[in-house]
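First comes the structure, then the notes that go with it.
Index from 1, following the sequence.
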Amino acid sequence: MSNEVWKETMIEQRVNYTLELDGNFIIVENVPARLCVETGERFFSPETVERLQQIIWKGKQPSRTLEVPVYEFV
């Protein structure tokens with residue numbers, strides 16, 4: 001057993017949240033999150049998750065639309 005101490009440094013940061021829904025990609029920009037500097041893992045507060053669900057499920061008009069190239073890994 002190791003005596004190594006695992007260090008996690010969390011910072012508040014705005015991130016892009018991405019989701020694939022029914023074959024379409026959805027990007028929500030500037031989402032507040034706590035980010036682990038060592039692993040890159042993002043944590044969202046319950047309030048933020050609730051707001052993300054409202055944005056995605058209400059189907060309101062997006063602020064902009066992107067055209068995205070798609071490649072196959074062969």
Any side-chain heavy-atom pair from Phe25 and Val68 closer than 4.5 angstrom?
no
Within the side chain of Glu29, is there an N or O that forms a donor-acceptor pair under 3.5 Å with the backbone of Val15?
no
To the closest 0.5 Å, what do you measure between OG1 (Thr48) and CZ (Phe43)?
14.0 Å
Establish whether Ile26 and Leu66 are linked, either directly or via other cluster members, by ILVMFWY side-chain heavy-atom contacts under 4.5 Å.
no
Nearest-0.5 Å distance, CD1 of residue Ile56 to CG of residue Leu19
5.0 Å
Arg34 CZ to Arg42 CZ distance, which is reported to the nearest 0.5 Å
15.0 Å
Is there a side-chain contact between Thr65 and Pro62 in this structure, where contact means two heavy atoms from C-beta onward sitting under 4.5 Å apart?
yes
Atom pair CD (Glu41) and CG (Leu35), whose distance is rounded to the nearest 0.5 Å:
9.5 Å
Mind checking the CG-CG spacing from Asn16 to Asn30? Nearest 0.5 Å is all I need.
7.0 Å
Within one Ile-Leu-Val-Met-Phe-Trp-Tyr cluster: Val49 and Trp57, side-chain cutoff 4.5 Å:
yes
About how many Å separate OH of Tyr17 and CD1 of Ile27, when rounded to the nearest 0.5 Å?
12.5 Å
Residues passing the side chain to side chain donor-acceptor pair (under 3.5 Å) test with Gln54, sequence neighbours excluded, are none
Can you confirm whether Pro32 sits close enough to Arg14 that some side-chain heavy atom of one is under 4.5 Å from a side-chain heavy atom of the other?
yes
